[in-house]
Amino acid sequence: MERYEPKNIEQKWQQKWLENKCFQAGDASEKEPFYALVEFPYPSGVGLHIGHPRPYTGMDVLARTRRMQGYNVLFPIGWDAFGLPAENYAIKNNIHPAEVVRRNVEHFRGQIRRLGFSFDDTREVNTTDPDYYKWTQWVFLKMVEHGLAYKANMPVNWCPSCKCVLANEEVVGGQCERCESPAEHRDKSQWMLRITQYAQRLIDDLDLCDFPSRVIAQQRNWIGRSEGAEVTFQLTVDSGELTVYTTRPDTLFGATYMVISPEHPLIETVKSKIKNYGEADDYRRAAARKSDFERTELAKEKTGVRLDGVTAINPVNDQELPIYVSDYVLMSYGTGAIMAVPGHDIRDWEFAKTFGLPIVEVVAGGNIEKEAYTDTETGTMVNSGFLNGLEVADAKKAITGWLAEKGLGEPKVRYKLRDWVFARQRYWGEPIPIVHCPVCGMVPLPEDQLPLKLPDVQNYKPTDTGESPLAAITEWVNTPCPQCGAPAKRETDTMPQWAGSSWYFLRYTDPCNGQELASKDALRRWMPVDWYNGGMEHTTLHLLYSRFWHKFLFDIGVVDHPEPYKKRTSHGFILGSDGTKISKTKNNGMDPDDVVKTYGADTLRLTILFIGDFEKGCQWSEQTLKGCRRFLERVHALACNGTTVDEVKLHQTIKKVTEDIEGLKFNTAIAAMMSLLSLMEKGCAKSDVNIFLRLLSPFAPHICEELWERQGEKGLCCQAEWPQYDPAKTVEESVELAVQVNGKLRATVTVPRGCDNQTAAAAALAAERIQAIAEGREPVKTIVVPDKLVNLIFKG
RNA sequence: GCGAGAGUGGCGGAACUGGCAGACGCGCCAGACUAAGGAUCUGGUGACCAAUAUUGGUUGUGUGGGUUCAAGUCCCACCUCCCGCACCA
């Protein structure tokens, strides 16, 4: 028999699968549809990296298994190809970004094919294809029409290195998520999407989603709902007022001062009354100069300036409260102003200590001399007038009612989530289909003028002024107003990369439709996605954005379901052999192409899945690669003889592998097949091999096709039926019982399965070892766990 | 600080509703085949202590307590690590 040479067989079967259209989803099929989705890649210049094969292999196993189980499977792939890296590469090498993308996609396509993934190659989508982004623009126009897209002058996060604005979600620790430059503040007129309007539904409908708990928790946390009240304080000057938001209206009696954020307009409206306006203004300017990064880094020390000459009146006790301006209060949350209750808020407590302000206890239970008492579960109101004696929860209700009655405040729900900054000042993105007309104002491009294509330019370089390179293309920018025909100008910002990926899974259902984003029929057949696997890093970005878009499309009747994904799972990252992030320079990882060349795609696939729990992080190791290659060599060398393999073991393995695939426990599924192989090497029949190959084929599809053919089986292994197990045959006729004495294992005995407790106990007691220990004594107690163990309790 | 995980041999990792801890793989040890083995095959392999050499015992899942006939698994307290959010009132 010839040696196992992956390179001789893998390409051959990849070709056969293609010729036989094995992986094309059927649009007219009677079979039950199953939509398996992986996050489509950004086709970068360096090609497929370690991050890609893991989720793809995992979902490929699932898709291949589902096909064999008789489902009509949609398992597509595409290219999320707009974005900065292609543009930066284009600038550096003076090649058009479209050409860069074309090359990269070709490279990726080849790599993906060489790994044997069963993607439907007839449904590829590319976000930079005008036939695709036509519909991205269309959804945007629908959002404009429904008031969900708007342009507003906003303080935005600006990345000085990328030279464009960032969404809140793209700022991590005050830094640009992509290049780690500290983000700056800029005031800019920006296109925004009103995702906040969907905040509550994005929380509520998590109940409809089968997502990992950590994903649900992270999304909830990100949306950040809080319940509280807005309370209005009268000022002692100009009959002005100051409204604050608080989640603890119950502590109103404990407010000893007020704080407004440096950006709060009050400073200007009562400017003439502020005796130390100069000082306040200096503080405000200093705060404005700080980047988010600096603000968070320097968050330890509380700073601020008291506004001299202006005070507020606490509505519950008419106490006069000083007002401070401090950057620990953010303009972007609540009303940009707070009532400070140092006794029961950590930050207020720190501020009060720094500035020597009074700290009043209004909830008993802590020691406010030492620290703020923030517990809301236990505690009784004190020093709080009519609230005295109430528990916190009751006090909240009482004060809220009182405030509403007096017209001083009302209950309010707030979210941390902010609207989505939906524009970038770069070339390589979807043009925003809007025309600015001096007569009509902002005019959406009529639908029949879509797609609005990107013009060819010579220079893609972004500008420091914050204008997109498109602004320099006068022949493109200047256009007659679609409404009145007057000379007008196009919007020159483009959409962020997240636009195209917010609905791509819909396009896969009907990728060539020129009339609609996808036909109703196709959407009904395939949506919602049955199983979506992707990275945790997208939880508050892509996953949230796409849920929002889908809800909007649901509201306007494009899709029939409020949620796009039924089930979401997340793979763990593969770290380098040294436990750190894989990088080329550290040489601690692997290049998929190299591994395929030396070991073969099947070995790589197996290794990626065997190396650890799919949903947990794991470490790359060459050693595992060797073990998996050895396993496949043994499979290749497997020969039948006259005997058959143990039937129980065979059925147990079918059960184990089938169930483990469902739970993404690929590592233990492979372990079970390894055990079965060891047994089969001692003796098996052709029919055993037939079953074994079908079990293994989703994991190592090429070698299984080869052996399937070698064995003279009909058709293709990947189109064979998934093996069934007989539950009756998964259990042995006899079982080995553990025999314990006083809880310690002392012997094992073999008894018939399902024998009664007396029989089991008697067998245990009869064991030689147990006899020796018992020395004729009778156990004072006997515990029998059927088919598992007997525990004999002896005295003394 | 808040939220969600994790801690098991030399290593990667198994272990269902509490029921024989360490499956499977790597490595290592011994043997076989060899001119040779960094190839392949067979057997062994948590630690420690005994020994009639077949086994017997003790101990062992981050730490300290607890519940139970029985705990990696449940309860309480704590330590460490990773991830997400973080002055969100």
Chemist: For residues 537-545 of chain A, which residues have at least one heavy atom under 4.0 Å from RNA chain B?
Modeler: none
Chemist: What is the minimum heavy-atom distance between I195(A) and R418(A), and which atoms define it?
Modeler: CG2-O, 3.4 Å
Chemist: 5'-most contact on RNA chain B: G224(A) or S213(A), nearest heavy atom basis?
Modeler: S213(A)
Chemist: I need the full list of salt bridge (Lys or Arg N to Asp or Glu O under 4.0 Å) pairs touching residues 212-223 of chain A, with sequence neighbours left out, sorted by first then second residue.
Modeler: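 Pairs touching residues 212-223 of chain A that pass the test: D207(A)-R220(A).
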Chemist: Please give, in whole Å, the distance from A70(B) C1' to K781(A) NZ?
Modeler: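 It works out to 10 Å between those atoms.
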Chemist: Under 3.5 Å, which protein N or O atoms sit close to an N or O of nucleotides 42-47 of chain B? Give each pair with its distance.
Modeler:
none

Chemist: Measure from CZ on F573(A) to C1' on G84(B) and round the result to the nearest Å.
Modeler: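 Going from CZ in F573(A) over to C1' in G84(B) covers 13 Å.
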Chemist: To the nearest Å, give me how far apart CZ (R418(A)) and P (C85(B)) are.
Modeler: 13 Å
Chemist: Base, sugar-phosphate alone, or nothing: which one does S226(A) contact when heavy atoms must sit under 4.0 Å apart?
Modeler: sugar-phosphate
Chemist: To the nearest angstrom, how far is I323(A) atom CD1 from A89(B) atom C1'?
Modeler: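 From I323(A) CD1 to A89(B) C1': 16 Å.
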Chemist: Are more than 12 heavy atoms from other residues, nucleotides or ligands located less than 6.0 Å from atom CD of E768(A)?
Modeler: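 Atom CD in E768(A) is not packed in, count stays at 12 or less.
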Chemist: Partners of K781(A) by salt bridge (charged side-chain N to carboxylate O under 4.0 Å, His left out), sequence neighbours excluded?
Modeler: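 Scan of K781(A) (salt bridge (charged side-chain N to carboxylate O under 4.0 Å, His left out), adjacent residues dropped) gives none.
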Chemist: Figure out the CD/C1' separation between E177(A) and G84(B), and round it to whole Å.
Modeler: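 After rounding, the reported distance stands at 13 Å.
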Chemist: Starting at the 5' end of RNA chain B, write a dot or bracket for each base, bracketing those in Watson-Crick or G-U wobble pairs whose two distances are under 3.5 Å and using | for partners on another strand.
Modeler: (((.(((..(((......[....)))((((((.......))))))(((((....)))))..(((((..]....)))))))).)))....
Chemist: Could you tell me how far apart E263(A) (CD) and C87(B) (P) are, to the nearest whole angstrom?
Modeler: 14 Å
Chemist: Quick one: which of L696(A), I703(A), L695(A) gives a side chain to side chain contact (heavy atoms under 4.5 Å, CB included) with F699(A)?
Modeler: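 In the set L696(A), I703(A), L695(A), the residue that makes a side chain to side chain contact (heavy atoms under 4.5 Å, CB included) with F699(A) is L696(A).
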Chemist: Determine, for nucleotides 13-26 of chain B in 5'-to-3' order, which nucleotides have protein heavy atoms under 4.0 Å from the base (write B), from only the sugar-phosphate (write S), or from neither (write -).
Modeler: SS-B--BB--BBSS
Chemist: Give, for atom CG of L202(A) and atom CD of Q219(A), the distance between the pair rounded to the nearest 0.5 Å.
Modeler: 7.5 Å
Chemist: Please state whether the base of C87(B) and the side chain of K302(A) form at least one donor-acceptor pair under 3.5 Å?
Modeler: yes
Chemist: E241(A): which residues meet the salt bridge (charged side-chain N to carboxylate O under 4.0 Å, His left out) condition with it, sequence neighbours left out?
Modeler: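 With neighbours one apart ignored, the set is empty.
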Chemist: Which label fits G22(B), syn or anti, where anti is any glycosidic angle not within 90° of 0?
Modeler: anti
Chemist: Applying the side chain to side chain contact (heavy atoms under 4.5 Å, CB included) test to I338(A), which of Y245(A), Y257(A), Y324(A), Y328(A) qualifies?
Modeler: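 Going through the options one by one, the only one that passes is Y328(A).
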Chemist: P atom, G84(B) versus C78(B): distance in rounded Å?
Modeler: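 Looking at atom P only, G84(B) and C78(B) are 26 Å apart.
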Chemist: Distance check needed: C41(B) P versus L677(A) CG, whole Å only.
Modeler: 10 Å
Chemist: What's the separation between atom CG in L609(A) and atom CG in L664(A), rounded to the nearest 0.5 Å?
Modeler: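 Rounded to the nearest 0.5 Å, the CG-CG separation comes to 10.0 Å.
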Chemist: Would you call the rings of F355(A) and F351(A) parallel, tilted or perpendicular if under 30° counts as parallel and over 60° as perpendicular?
Modeler: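 Plane angle under 30°, so parallel.
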Chemist: Report the distance from atom CZ of R225(A) to atom P of C2(B), rounded to the nearest whole Å.
Modeler: 22 Å
Chemist: If you assign each of Q218(A) and T335(A) to its closest nucleotide in RNA chain B, which residue comes earlier from the 5' end?
Modeler: Q218(A)
Chemist: Side chain of R214(A): nearest nucleotide among A4(B), G84(B), A89(B)?
Modeler: A4(B)
Chemist: Who pairs with D756(A) by salt bridge (charged side-chain N to carboxylate O under 4.0 Å, His left out), at least two apart in sequence or on another chain?
Modeler: none
Chemist: With sequence neighbours excluded, tell me which residues meet salt bridge (charged side-chain N to carboxylate O under 4.0 Å, His left out) with R769(A).
Modeler: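 For R769(A) there are no salt bridge (charged side-chain N to carboxylate O under 4.0 Å, His left out) partners, ignoring immediate neighbours.
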Chemist: Could you tell me which residues satisfy ring pair (Phe, Tyr, Trp, His ring centres under 6.0 Å) with Y4(A), sequence neighbours excluded, listed by chain and number?
Modeler: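 Residues passing ring pair (Phe, Tyr, Trp, His ring centres under 6.0 Å) with Y4(A): H636(A).
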Chemist: Test: salt bridge (Lys or Arg N to Asp or Glu O under 4.0 Å). Region: residues 623-635 of chain A. Which pairs qualify, not counting sequence neighbours?
Modeler: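 Residue pairs passing salt bridge (Lys or Arg N to Asp or Glu O under 4.0 Å), neighbours aside: R629(A)-E633(A), R634(A)-E681(A).
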Chemist: Supply the atom-to-atom distance L408(A) CG to T243(A) OG1, rounded to the nearest 0.5 angstrom.
Modeler: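 The CG atom of L408(A) sits 10.5 Å away from the OG1 atom of T243(A).
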Chemist: How far does CG of L541(A) sit from CH2 of W498(A), to the nearest 0.5 angstrom?
Modeler: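 That separation rounds to 4.5 Å.
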Chemist: Does a side chain donor of either Y283(A) or T303(A) reach within less than 3.5 Å of an acceptor in the other side chain?
Modeler: yes
Chemist: Check the interface with nucleotides 51-56 of chain B: list each N/O to N/O pair with the protein under 3.5 Å, or write none.
Modeler:
from   : atom 1 : to      : atom 2 : distance (Å)
G56(B) : O3'    : R769(A) : NH2    : 3.1

Chemist: Please check the phosphate of A89(B) (OP1 and OP2 only) for any side-chain N or O of Y245(A) closer than 4.0 Å.
Modeler: no
